Amino acid sequence: MHYVIIGGSAAGISCIEAIREIDKKSDITLIGDEKLSLYSRCLLSYLLAGVINEGSLYFKKKDFFQRHKVEAVLGVRANKIDLKSQTVTASNKGTIGFDKLLIATGSRSKMLDIPGVERTGIFALRTIKDVSGIEAILKKTRTAVVLGGGLIGLRAAYALNNRGVIVKVVVKSPQILSQILDKTAADLMQERVEKKGIEIMKGLEAMEILGKDGVESVVMDNGTKLSCELVIVGKGVEPNVELAADAKIKTQSGIIVDDYLATSAKNVFAAGDAAQTSDITSGETTLNAIWPCAVEQGKIAGKNMAGEKVKYDGSMAMNSIEFFGLPVISMGITRPRGGDYEELTAINKQKNLYKKVVLKDGVMKGFISVGKIENAGIYNALIKSRVDIAAIKDVLLN
């Protein structure tokens, strides 16, 4: 048996561990497009902020591949999957045969399609290479413009603020963190962020980036020019599904998988940010591109590749952040649309405390907590259990 894994981040590494728990001897080859592997993307903003060093990024020891008897082909892209011959062709022109294949190609930062986006001084915050590039021009950076008010954008803003840079965050929507928080929670977080000197500019969109040798300013859709030496694009991520789609493996917004994380192709599985799985709160298939989901999916895919039959119960949106001492956690459906949902809320603005529970037919579907997040695990369990809790809904905010 020869297992091939495309992708060296959370899902791919978790898959290796699961396979080795069952199959100690078969060959495993991992193909990763970064020369550096085994690091957590979630911690990159803290590296940029100067809070941690590079050594703290790594979630596995450097001898991981050796100990798990894995041939790691790093700094190489997988260019083609041939389902008929069961081979993967890589950018180094090598061809690798497989008996079982995991596609864990992850996601990439969404970049802008506007004039000037090709200039130097424009970065995402997705890889160690991005951090290195930002570091290289940070000493001559007085002002930075962050495009996007989601998790990536605000993490970048926090990091640069911590390094003494003047930061302006441009948000197209009427609130920050619109994908994970309602307006009440977002406003509490915005107030904290702005008190620390980060300017939030809502309802605006970048139209052009100007400069000669580097970035000099960003032109907004209202004609305003924001002077800066650095631009961070934090507009979210999109899944890397092209490799699967080119092989005629079924895709929609992501790579479609069944309850066992198998794709439409025989002996091919998918996990992580690129996998489109069932959502336990909505009942629909969706992408939940977060680290814990990738780890769990990789583990279950690995077990099934090694011959077990383990069902994946589904994913759920979960996000936990803390900016300048104010922690926030959200799970599941936080901004319900339609009249079938019940929303329970409690707020204390003076103490920066807010809690929200979303119910549907007596079943908990979502949760937000600002300020105090110690009991978040209880709400997580209530959402995942899918039991009727209407009888105790009056105490859910306690």
Side-chain angles (χ1 to χ4, degrees), residues 39-54 56-57 108-112 114 116-117 119-173 175-180 186 189-202 204-206 209-211 213-220 224-237 319-328:
Y39 73 89
S40 172
R41 301 187 195 283
C42 309
L43 299 177
L44 288 173
S45 60
Y46 298 102
L47 177 65
L48 180 59
V51 175
I52 63 173
N53 58 33
E54 185 175 317
S56 300
L57 285 180
R108 60 185 180 272
S109 297
K110 290 181 180 177
M111 295 304 290
L112 298 175
I114 60 173
V117 75
R119 299 185 189 282
T120 58
I122 302 171
F123 298 90
L125 185 57
R126 185 70 182 165
T127 66
I128 288 182
K129 185 178 178 181
D130 292 329
V131 175
S132 298
I134 296 168
E135 287 279 3
I137 66 169
L138 207 54
K139 288 184 179 180
K140 57 182 181 181
T141 298
R142 181 175 180 271
T143 303
V145 171
V146 176
L147 302 177
L151 275 174
I152 297 172
L154 286 189
R155 281 174 172 160
Y158 153 78
L160 293 171
N161 174 270
N162 206 57
R163 298 292 293 274
V165 176
I166 298 170
V167 184
K168 300 180 180 183
V169 179
V170 177
V171 188
K172 185 179 180 181
S173 63
Q175 70 168 76
I176 61 172
L177 300 168
S178 59
Q179 298 299 310
I180 65 171
M189 180 57 77
Q190 179 177 335
E191 184 178 351
R192 175 60 63 92
V193 167
E194 288 182 326
K195 280 184 177 179
K196 295 297 181 178
I198 296 173
E199 184 178 356
I200 306 293
M201 307 176 70
K202 296 181 290 189
L204 293 174
E205 188 172 10
I209 299 174
L210 303 177
D213 296 330
V215 173
E216 294 179 4
S217 64
V218 182
V219 182
M220 298 292 108
T224 303
K225 285 186 181 180
L226 303 179
S227 297
C228 61
E229 298 78 39
L230 171 66
V231 174
I232 304 291
V233 181
K235 307 289 285 185
V237 297
N319 290 280
S320 177
I321 55 173
E322 181 175 339
F323 294 126
F324 307 111
L326 184 63
V328 177

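Source: prediction; values computed, not measured.
Applying the salt bridge (charged side-chain N to carboxylate O under 4.0 Å, His left out) rule to E199 yields no partners; only residues at least two apart in sequence or on another chain are considered. Qualifying salt bridge (charged side-chain N to carboxylate O under 4.0 Å, His left out) partners for R192, counting only residues two or more places apart in sequence or in other chains: none. Listed by chain and residue number, nothing satisfies the side-chain hydrogen bond (donor to acceptor under 3.5 Å, both in side chains) test with S227 (two or more places apart in sequence, or in another chain). With sequence neighbours excluded, the residues satisfying side-chain contact (heavy atoms from CB on, under 4.5 Å) with I166 are R142, T143. Residues meeting the salt bridge (charged side-chain N to carboxylate O under 4.0 Å, His left out) test with K139, sequence neighbours left out: none. In this structure, D213 has no side-chain hydrogen bond (donor to acceptor under 3.5 Å, both in side chains) partners at least two apart in sequence or on a different chain. By the side-chain contact (heavy atoms from CB on, under 4.5 Å) test, E216 pairs with K212, sequence neighbours left out. When the side-chain hydrogen bond (donor to acceptor under 3.5 Å, both in side chains) test is applied to Y39, the partners found at least two apart in sequence or on another chain are E34, R41. For E194, the side-chain hydrogen bond (donor to acceptor under 3.5 Å, both in side chains) criterion is met by Q190, not counting sequence neighbours. Here E322 pairs with nothing under the salt bridge (charged side-chain N to carboxylate O under 4.0 Å, His left out) rule; sequence neighbours left out.
In this structure, K235 places its NZ atom where more than 12 heavy-atom neighbours from other residues, nucleotides or ligands lie under 6.0 Å away.
Evaluation of the side-chain hydrogen bond (donor to acceptor under 3.5 Å, both in side chains) test over residues 150-169, restricted to residues two or more places apart or in two chains, returns E135-R163. Within the structure, side-chain hydrogen bond (donor to acceptor under 3.5 Å, both in side chains) contacts touching residues 122-134 (residues at least two apart or in different chains) are S107-R126, R126-D273, T127-D130.
A 4.5 Å side-chain heavy-atom check between L177 and N319 finds every atom pair outside the cut-off.
Taken from OG in S45 to CD1 in I232, the straight-line distance is 11.5 Å, to the nearest 0.5 Å.
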